[in-house]
Protein chains: 2
Amino acid sequence: MAARKETSTNNRNREVLGDFCGINYALNLLGGRWKLLILRKLESHTLRFSELKRTLPHITDRMLTLQLRELEQDGLISRTVFAEVPPRVEYALTASGQALAPTWQSLEVWGNAHRQAAEMTLTDKQ
Amino acid sequence: MAARKETSTNNRNREVLGDFCGINYALNLLGGRWKLLILRKLESHTLRFSELKRTLPHITDRMLTLQLRELEQDGLISRTVFAEVPPRVEYALTASGQALAPTWQSLEVWGNAHRQAAEMTLTDKQ
DNA sequence: GCCATTACTTCCTTTTTTGTGTGTACCTCA
DNA sequence: TGAGGTACACACAAAAAAGGAAGTAATGGC
């Protein structure tokens, strides 16, 4: 898990900034490498562990597990276990998770636009 | 600086995800602890190094320098040096940086709402 | 000459995040 | 009997991010 050291300046800063403004509070929840990607995959439908894994390039079991756990603890996704063999576990967005959709969409739009702009200034310089 | 290791899986994943979607491209630029905060401070006016430092609780010179450098390299802020003594350096948002304002505003709104929701479920459980 | 100010830089340590490899319980189907 | 699938857990290693402490150049004021 995260296993943070309560007493570290690093961790205190993290908390201070989280209290300080909603932006950093949000970033504390969404900062993991695969988190927003996972949320976006769940936007249109519920998915199970193995399905998520297939859609996320290069993710390992461990990373997927970790990120899902944290998202669940932070109330962004829900986890439903079906008592079957082989096991089946389904992940879905919570209301809070869904409420974030417009934000990541606007981040995606900005990201693509900014990448284009960056590439253009690159070719300008050549 | 970031000093990333070209050959690491960690770094390759970072790049792969950045290419994969605008969200992760954006996150690669905005992931630093103080970056969005800095951008937001610059939203209303140009600020110099020492002014930024005063408004960001607990940040060190080193961290502020690093984050500003990266933001500048990524085209989100501009840096203007005045040939005076003592030195004066002013930071401002670029057009791209300003274009991101609605996104961090919506992140802030969501963050505050989600924190409230989280606190309510906490008190529910008590 | 000495101190203060500003915006850094450098070297080093600690903390956090990410990745690797292996193992497991359960049942089903061949 | 034995392989295969699912959704993990655990111990460990590597890399990245963050922080700490000290130093620097230039100049103006005392």
Side-chain angles (χ1 to χ4, degrees), chain A residues 1-18 24 27-35 37-38 47-54 56-72 77 79-91, chain B residues 1-18 24 27-38 46-54 56-72 77 79-91:
Chain A
M1 323 268 157
R4 298 196 188 96
K5 203 167 182 186
E6 297 291 327
T7 64
S8 70
T9 304
N10 190 325
N11 191 49
R12 273 199 309 274
N13 276 351
R14 176 191 163 91
E15 289 178 357
V16 166
L17 291 186
N24 278 292
L27 237 59
N28 284 346
L29 309 186
L30 304 171
R33 169 157 300 168
W34 311 88
K35 285 188 183 171
L37 218 37
I38 290 172
L47 287 172
R48 44 194 300 201
F49 188 90
S50 54
E51 291 169 329
L52 274 170
K53 193 179 170 188
R54 253 170 267 138
L56 299 172
H58 303 313
I59 197 169
T60 62
D61 280 19
R62 178 182 136 77
M63 271 301 118
L64 184 50
T65 302
L66 277 178
Q67 307 271 292
L68 288 172
R69 284 273 181 284
E70 292 185 11
L71 286 171
E72 190 198 353
I77 62 174
R79 177 170 180 271
T80 313
V81 184
F82 294 85
E84 304 175 359
V85 166
R88 181 159 65 99
V89 181
E90 290 193 347
Y91 294 93
Chain B
M1 324 269 151
R4 298 200 189 92
K5 204 168 181 185
E6 296 292 326
T7 63
S8 69
T9 303
N10 190 326
N11 192 48
R12 272 199 309 272
N13 277 350
R14 175 191 165 92
E15 288 178 358
V16 166
L17 291 185
N24 279 292
L27 239 58
N28 284 346
L29 309 186
L30 304 172
R33 169 157 300 168
W34 311 88
K35 285 189 182 170
L36 277 176
L37 218 38
I38 291 172
T46 288
L47 287 172
R48 48 194 299 202
F49 189 90
S50 54
E51 293 169 327
L52 274 170
K53 195 179 170 187
R54 255 170 265 137
L56 298 172
H58 305 311
I59 196 168
T60 62
D61 280 20
R62 180 184 133 76
M63 270 301 120
L64 183 50
T65 303
L66 278 178
Q67 306 270 295
L68 287 170
R69 284 273 180 284
E70 292 183 11
L71 287 171
E72 190 198 355
I77 62 174
R79 178 171 178 270
T80 314
V81 184
F82 295 84
E84 305 174 1
V85 167
R88 182 159 64 101
V89 182
E90 289 193 346
Y91 293 92

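Reckoned from all heavy atoms, side chains included, excluding hydrogens, waters and symmetry mates. We name chains A, B, ... by the order of the sequence lines, and we start the count at 1 in each one.
Residues of residues 8-17 of chain A having a heavy atom closer than 4.0 Å to DNA chain C, listed by number: Ser8(A), Asn10(A), Asn11(A), Arg14(A).
Between Asn13(B) and Trp34(A) there is a side-chain heavy-atom pair separated by less than 4.5 Å. Using a 4.5 Å heavy-atom threshold, the side chains of Leu52(B) and Leu68(B) count as touching. Between Leu64(B) and Ile38(B), some side-chain heavy-atom pair lies under the 4.5 Å cut-off. For the pair Leu66(B) and Met63(B), the minimum side-chain heavy-atom distance is below 4.5 Å. Put simply, the side chain of Ile77(B) does not reach to within 4.5 Å of the side chain of Arg79(B), judged on heavy atoms.
With sequence neighbours excluded, no residue forms a side chain to side chain donor-acceptor pair (under 3.5 Å) with Arg14(B).
Between Val16(B) and Pro57(A), the shortest heavy-atom distance links the atoms CG1-CG, 4.5 Å. Contact record, Leu17(B) with Asn24(B): O-CB, 3.3 Å, taken as the closest heavy-atom pair.
Note on Gln67(A): only backbone sugar-phosphate atoms sit closer than 4.0 angstrom, heavy atoms only; bases stay farther off.
The CE atom of Met63(B) sits 13 Å away from the C1' atom of dT9(C) (whole-angstrom rounding). Rounded to whole Å, atom C1' of dT17(C) lies 14 Å from atom CG of Asn28(A). Here the C1' atom of nucleotide dC8(D) and the CD1 atom of Ile59(A) are 14 Å apart, to the nearest Å. Rounded to an integer number of Å, the gap from His58(B) NE2 to dT15(C) P is 17 Å. Look at CZ on Arg4(B): it is 15 Å from C1' on dT16(C), rounded to the nearest Å. Straight-line distance from the CG atom of Leu64(B) to the C1' atom of dT9(C): 14 Å, rounded to whole Å. Between the NZ atom of Lys35(B) and the P atom of dA16(D) there is a distance of 14 Å, given to the nearest Å. The CG-P distance, from Leu66(B) to dT10(C), rounds to 11 Å in whole Å.
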Per-nucleotide protein contact along nucleotides 1-8 of chain C, 5' to 3', at a 4.0 Å heavy-atom cut-off (B base, S sugar-phosphate only, - neither), is ----BBSB
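For dT17(C), neither phosphate oxygen OP1 nor OP2 lies less than 4.0 angstrom from any side-chain nitrogen or oxygen of Trp34(A).
When each of Arg33(B) and Thr60(A) is assigned the nucleotide of DNA chain C with its nearest heavy atom, Arg33(B) is the one assigned upstream, toward the 5' end.
No side-chain donor-acceptor contact under 3.5 Å links Arg4(A) and Asn10(A).
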